[in-house]
Amino acid sequence: MASEKQSTERYNPRTVEAHWQRVWDERDLYRCDNDDPRPKYYVLEMFPYPSGRIHIGHTRNYTMGDVVARYMRAKGFNVLHPMGWDAFGMPAENAAMQNKVHPKDWTYQNIATMKAQLKLMGFSIDWSREFATCDPEYYAHQQKLFLDFLAAGLVSRKTAKVNWDPIDQTVLANEQVIDGKGWRSGAEVEQRELTQWFFRITEYSQDLLDAIDTLDRWPERVRLMQRNWIGRSEGLRIRFEFETPPSSGDPVLEIFTTRPDTLFGASFMALSPDHPVSAQCAKENPELAAFIEQCRRMGTTAEAIETAEKRGFDTGLTVRHPVVEGKLLPVYVANFVLMEYGTGAIFGCPGHDQRDLDFANKYGLPVVPVVMPKGADPAAFSITTEAFLEDGEIINSEFLDGLSVPDAKEAIAVKLENIEVAGAPQAAREVNFRLRDWGISRQRYWGCPIPVIHCETCGAVPVPDADLPVRLPDDITFDRPGNPIDHHPTWKNADCPKCGKPGRRETDTMDTFVDSSWYFARFTAPQAATPTDRAAANDWLPVDQYIGGIEHAILHLLYSRFFTRAMHRTGHLDLDEPFAGLFTQGMVVHETYRRADGEWLAPADVRLEGHDADRKAYEIASGKELKIGSLEKMSKSKKNTVGPEEITGSYGADTARWFMLSDSPPERDVEWSDAGVEGAHRFVQRIWRTVMAAAPIVAGAAGNGEMSEAATVLMREAHRTLKAVSEDVEGLRFNVAIARLHALLPQIAGVDADTAKADPSLARALSAALDMFIQMIAPVMPHLAEECWRRLGREGLVAETPWPDVEAAYLKQDTITLPVQVNGKKRAELTVASDASGDTIEQAALELDAVRKFLDGRPPKKVIVVPGRIVNVVG
RNA sequence: GCGGGCGUGGUGGAAUUGGUAGACACGCAGGAUUUAGGUUCCUGUGGGGCAACCCGUGGGGGUUCAAGUCCCUCCGCCCGCACCA
């Protein structure tokens with residue numbers, strides 16, 4: 001340091017950051033009191049799963065949340081900014097199986113590690129509200145919610161075909177099956193018939209869909225994904241009479257269609273292999289039974305579905321066409337009909353549905369076009385291999401002929417509603433949703449036990465409130481596949497709460513998405529004796545700003561929206577939508593490094609040389625050259641992670657926080673690079689030098705006389721930046737706010753010490769501008785801000801200082817410089833009084849040499865003056 | 001297949017929503033300071049041209065006094081859903 005030319009010491013983040021973190025802790029600065037009278041603001045980042053260690057990629061969304069929290073605190077709000085742990089789940093059990101550690105110990109150790117790592121980052125979190133979802137104090141309340149939902153009819157137990165993950169040996173929700181594979185294990189998912197617990201989310205299908213329109217501070221993308229997932233479609237349920245009923249005796253076959261306008265083009269009926277009539281027929285037909293068996297084995301992956309041939313089996317049954325006298329339609333079992341949607345049966349209209357057309361062509365069924373492009377020649381219009389799906393003109397359909405598709409839909413609906421078949425109208429209007437009920441049963445240990453006791457006499461009996469929580473047993477083994485709780489020798493044994501006879505505890509635990517569906521409500525009163533303190537929850541909720549990854553666009557966010565409604569119905573909350581504002585942040589990505597033998601290497605073990613295309617990477621230990629791979633999300637598996645300690649130890653948390661929000665817009669990915677971190681750190685040091693150099697001048701600043709020109713200019717810059725930065729932070733445009741602060745610092749640093757000594761007003765302006773600058777960087781770089789504040793001799797903590805007010809006087813300008821265009825091209829600039837009239841500006845513009853030159857002596861055709869913006873002379 | 005988004009210098013990106021394109025940063029080049037490297041400071045940096053100027057926001061076309069921004073069309077990339085009747 002002695003060789004440093006600069007007289008000031010370098011800023012040492014390691015000691016400074018630790019110091020201020022201690023000060024904040026000692027003062028309990030970020031504790032949030034529910035009784036605080038100030039207006040409330042709830043900012044929340046999606047809480048983490050305690051997987052082991054945190055890497056810097058995890059911390060970007062907490063940094064964003066922290067900037068918002070610190071800013072809103074400075075703006076005078078009582079800010080709730082809590083943190084907890086989404087602590088149940090399979091990885092804990094995997095660790096138990098692999099490393100012989102208890103899931104509980106593994107989880108709580110990880111929490112301790114990760115909490116310490118988060119603390120290094122200096123987040124302004126109210127740690128007094130911390131909880132983990134695996135705390136019995138938390139899941140006890142979750143069990144209470146389950147029982148209340150059960151009592152309210154929002155829980156059902158039913159047999160259903162479920163997605164079975166053969167590796168995790170558990171059931172998965174539809175949302176957890178990605179491309180036919182388990183979302184966590186990656187195993188090919190199988191279909192199994194099991195009795196399961198379900199939350200009746202479908203009860204709210206319409207409401208969940210409608211309310212999306214009210215979520216105006218959610219990204220459009222997420223709203224769209226949820227709309228598609230809920231998947232509403234309007235149509236007609238039509239009852240087709242069997243010519244000869246099947247042996248089950250059903251007189252009619254019910255189908256759902258969104259295209260009743262194509263009814264005259266029907267040429268067959270198709271049943272799902274899982275349809276009861278299919279099963280009935282299979283009893284008497286071994287070949288059909290074999291066909292159904294085959295269908296069940298068919299893969300459910302996207303590829304399997306795409307390449308799967310449309311296949312069917314003729315049951316021999318026929319139904320009567322509802323409106324064509326004497327027309328009979330054959331009934332097939334077909335592999336492409338889903339039991340889960342509609343009624344599990346369809347009518348096939350080959351002309352206007354591609355699947356039906358493929359099927360009809362394969363089995364030689366008639367193809368009758370009933371819609372043609374408007375004005376086409378019906379005699380010349382035919383369909384061979386491409387179904388016609390667009391709107392047009394109805395043909396070959398008796399009383400529908402000539403109508404448009406929407407008109408035909410209405411006409412056929414009215415007609416069928418007024419026909420009776422087997423004692424009921426032939427058709428009824430119906431709305432169907434893709435959304436399925438949420439299966440929450442998991443055959444795993446490390447989850448919230450479902451508080452039910454099965455009794456031979458009384459059935460499934462809720463555990464009485466007084467007996468909650470139903471605790472997970474601690475003595476558990478993981479020596480064989482399947483559900484470990486089920487293998488416990490005694491845990492299952494429990495007497496029926498109703499009749500007292502010996503019963504059996506439910507051994508299923510809840511899907512971990514249940515845990516995260518209401519934690520935001522628990523944070524508002526984490527010590528409450530009931531799941532929520534209703535008053536506190538109503539006060540705080542909805543969350544004003546929720547921040548998390550796009551990967552939760554459907555699962556977590558939809559479940560939370562359902563839970564909030566269910567908690568409303570059961571009296572735990574008085575609102576329906578949990579998150580008023582949602583922001584989906586981009587990830588931190590990093591290049592990957594790979595040895596010739598395929599082994600990934602962590603950035604810390606890699607040395608880089610060269611620039612751009614010539615960059616080379618070497619393994620530090622061996623000196624061997626490595627392959628530099630593409631930018632990828634930081635992940636354990638590719639080892640492209642950087643730990644917070646690596647950064648806080650040398651550069652400091654502020655540098656990391658600043659860098660993560662610089663350059664890239666927050667919704668996009670940011671590339672973590674050493675060069676970028678160093679750049680951010682250089683700025684930290686530049687701030688420090690500027691503050692240190694200004695400190696003596698600031699210390700001497702006094703008086704309140706007339707402002708010099710230089711002082712006014714500096715104040716204008718500061719206030720203009722303040723206004724812009726405030727708006728940027730409120731709009732979460734952190735990268736832009738940072739760019740503005742980059743631009744302001746040279747204005748401050750550029751104040752000449754001697755001039756300022758001679759000009760007291762400039763010294764005062766410098767002092768004020770520095771204060772504002774420090775306050776503006778504080779949300780992103782809180783430690784540096786505190787240290788600068790102290791070095792300038794300011795009172796108290798920046799973290800407790802109100803956000804400065806923009807002084808309108810400094811935003812006003814006496815003169816403005818307007819660009820002057822001739823025929824739309826900029827040719828000159830014009831400086832005029834800011835309140836100059838349009839005529840004055842026009843005259844001044846026309847006198848400019850450049851304007852005259854380009855007008856070439858001709859009079860202008862038109863002059864457009866946009867006040868405060870631009871002048872355009874049209875020649 | 002259906003739905004949505006994006007395309008701006010060598011790079012990340014900005015552009016007050018139709019009004020000076022390239023703010024700010026990274027990188028690079030030159031210079032100063034330094035025994036040297038790093039640090040720090042200054043200058044330059046979209047392309048072409050000696051210059052006046054010309055060209056320029058994926059390509060083409062259009063609306064407008066004025067287009068990165070609006071409209072049409074084509075190309076490329078990314079994401080989501082996917083046998084939903």
Side-chain angles (χ1 to χ4, degrees), chain A residues 3-6 10 179 219-229 231-233 235-236 255-260 262 270 272 298 300-302 304-306 308 310 334-338 340-349 352-356 358-359 389 432-436 550 553-554 611-613 659 662-665 668-671 673 675-676 678-680 682-683 685-686 689 723-724 727 733 735-746 749 817-829 853 860-866 868-875:
Chain A
S3 65
E4 285 269 350
K5 203 198 169 200
Q6 282 71 35
R10 269 178 84 78
D179 280 347
E220 188 50 43
R221 184 154 71 122
V222 174
R223 304 203 300 172
L224 196 78
M225 282 164 74
Q226 292 219 349
R227 273 193 202 102
N228 291 341
W229 191 264
R232 182 183 196 273
S233 49
L236 220 50
I255 62 95
F256 173 74
T257 181
T258 57
R259 293 296 305 274
T262 64
S272 164
M298 193 181 76
T300 52
T301 63
I305 287 165
E306 199 140 307
K310 304 285 173 273
N335 64 349
F336 63 93
V337 181
L338 304 174
E340 296 81 47
Y341 190 79
T343 63
I346 60 164
F347 80 77
C349 176
H352 308 284
D353 182 291
Q354 193 58 45
R355 293 157 304 179
D356 294 350
D358 294 346
F359 189 85
L389 306 175
N432 265 292
F433 296 92
R434 282 183 24 144
L435 186 65
R436 302 268 71 88
I550 186 71
I554 297 171
H611 290 285
D612 301 325
F659 169 59
S662 305
D663 296 349
S664 284
R668 279 196 225 169
D669 292 349
V670 62
E671 183 193 348
S673 70
E678 280 158 19
R682 274 202 294 276
F683 189 65
Q685 294 293 355
R686 191 175 304 149
R689 281 195 308 274
K723 180 168 188 286
E727 288 166 1
R733 294 181 297 270
N735 56 322
V736 186
I738 282 175
R740 295 190 207 282
L741 291 167
H742 263 289
L744 178 60
L745 186 63
T817 300
L818 297 175
V820 179
Q821 297 180 330
V822 178
N823 292 328
K825 288 194 178 178
K826 187 195 162 191
R827 297 300 181 185
E829 284 185 346
K853 178 183 158 196
K861 284 186 191 141
K862 200 172 171 188
V863 180
I864 290 145
V865 178
V866 184
R869 279 284 163 79
I870 202 163
V871 180
N872 192 8
V873 179
V874 186

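The analysis underlying the following values was restricted to heavy atoms, covering all of them including side chains, and did not include hydrogens, waters or symmetry mates. In this text the structure is predicted, and so the values were computed from the model without any measurement. Below, read A as the first sequence line, B as the second, and so on, with proteins coming before strands; counting in each chain starts at 1.
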N or O in side chain of A/Arg827 less than 4.0 angstrom from B/rA52 OP1/OP2: no
Which heavy-atom pair separates A/Tyr341 from A/Phe433 by the least distance, and what is that distance? CE1-O, 3.6 Å
Is A/Arg740 paired with A/Glu727 through a side-chain N to carboxylate O contact shorter than 4.0 Å? no
Pick one for B/rU17: is it syn, with its angle within 90° of 0, or anti? syn
Using the C1' atom in both, what is the distance from B/rA14 to B/rG9, to the nearest Å? 13 Å
OP1, OP2 of B/rC53 versus side-chain N and O of A/Lys853: anything below 4.0 Å? yes
Hey, does A/Thr257 reach any base, or is it just sugar-phosphate, or nothing, if we go heavy atoms under 4.0 Å? sugar-phosphate
Output the rounded distance in Å from CD (A/Glu678) to C1' (B/rG27). 13 Å
Please check the phosphate of B/rC41 (OP1 and OP2 only) for any side-chain N or O of A/Arg686 closer than 4.0 Å. yes
Does a side-chain N or O from A/Arg689 land closer than 4.0 Å to OP1 or OP2 of B/rC41, or not? yes
Across all strands shown, which nucleotide pairs with B/rC26 by Watson-Crick or G-U wobble geometry, both distances under 3.5 Å? B/rG10
What integer number of Å spans the C1' atoms of B/rG46 and B/rC42? 23 Å
Could you state the atom-to-atom distance from CD1 of A/Ile550 to C1' of B/rG5 in whole Å? 11 Å
Same-atom distance (P) from B/rA66 to B/rU20, integer angstrom: 15 Å
When you check the glycosidic angle of B/rG61, does it come out syn, meaning within 90° of 0, or anti? anti
Which whole number of Å gives the distance between the C1' atom of B/rG5 and that of B/rA85? 29 Å
d(CZ, A/Arg668; C1', B/rA25) in whole Å: 15 Å
Looking at the base of B/rC65, is there any donor atom on it, or on the side chain of A/Lys861, that sits under 3.5 Å from an acceptor on the other one? no
On the nucleotide B/rA14, are OP1 or OP2 found under 4.0 Å from the side-chain N or O atoms that A/Asn735 carries? yes
On RNA chain B, more 5' by nearest nucleotide between A/Ile346 and A/Gly824 is A/Gly824
Using atom C1' of each nucleotide, how far apart are B/rG62 and B/rG18 to the nearest Å? 16 Å
Given the P atoms of B/rC79 and B/rG31, what is the spacing between them in whole Å? 46 Å
Around atom CZ of A/Arg221, are there more than 12 heavy atoms of other residues, nucleotides or ligands at under 6.0 Å? no
With a 3.5 angstrom cut-off on both distances, give the Watson-Crick or G-U wobble partner of B/rU63, or none if there isn't one. none
Determine the interatomic distance between C1' on B/rG7 and the same-named atom on B/rG22; round to the nearest Å. 16 Å
Side-chain N or O of A/Thr817 closer than 4.0 Å to phosphate OP1/OP2 of B/rU20: no
Using the closest heavy atom to pick a nucleotide of RNA chain B for each, name whichever of A/Phe433 or A/Asp669 lands nearer the 5' end. A/Asp669
For B/rG3, which nucleotide is its Watson-Crick or G-U wobble mate, given both distances must be under 3.5 Å? B/rC79
Ignoring backbone atoms, establish whether A/Lys310 has a side-chain N or O less than 4.0 Å from OP1 or OP2 of B/rA85. no
When rounded to the nearest Å, what value does the distance between C1' atoms of B/rG12 and B/rG1 take? 35 Å
What is the distance from CD of A/Gln226 to P of B/rC81, rounded to the nearest Å? 12 Å
Value in whole Å for how far the P atom of B/rG3 lies from CG of A/Asn228: 10 Å
For B/rU34, what is the paired nucleotide under Watson-Crick or G-U wobble rules, both distances under 3.5 Å? none
Would you indicate what A/Glu829 reaches in the nucleic acid, counting non-hydrogen atoms under 4.0 angstrom: base, sugar-phosphate, or nothing? base
Counting the atoms with a prime plus P, OP1 and OP2 as sugar-phosphate, which does A/Ser673 contact under 4.0 Å by heavy atoms, base, sugar-phosphate, or nothing? nothing
For a quick test of reading the model: is some side-chain N or O of A/Arg869 closer than 4.0 Å to OP1 or OP2 of B/rU17? yes
Watson-Crick or G-U wobble partner of B/rA85, both distances under 3.5 Å: none
For B/rU39, give the paired nucleotide (Watson-Crick: N1-N3 plus N6-O4 or O6-N4; G-U: N1-O2 and O6-N3; both under 3.5 Å), or none. none
Counting the atoms with a prime plus P, OP1 and OP2 as sugar-phosphate, which does A/Leu224 contact under 4.0 Å by heavy atoms, base, sugar-phosphate, or nothing? sugar-phosphate
Between A/Arg682 and B/rC26, is there a side-chain N or O to OP1/OP2 distance below 4.0 Å? yes
Whole angstrom is fine here: how far is it from CG in A/Asp353 over to P in B/rG1? 16 Å
Under 3.5 Å on both distances, the Watson-Crick or G-U partner of B/rG46: B/rC55
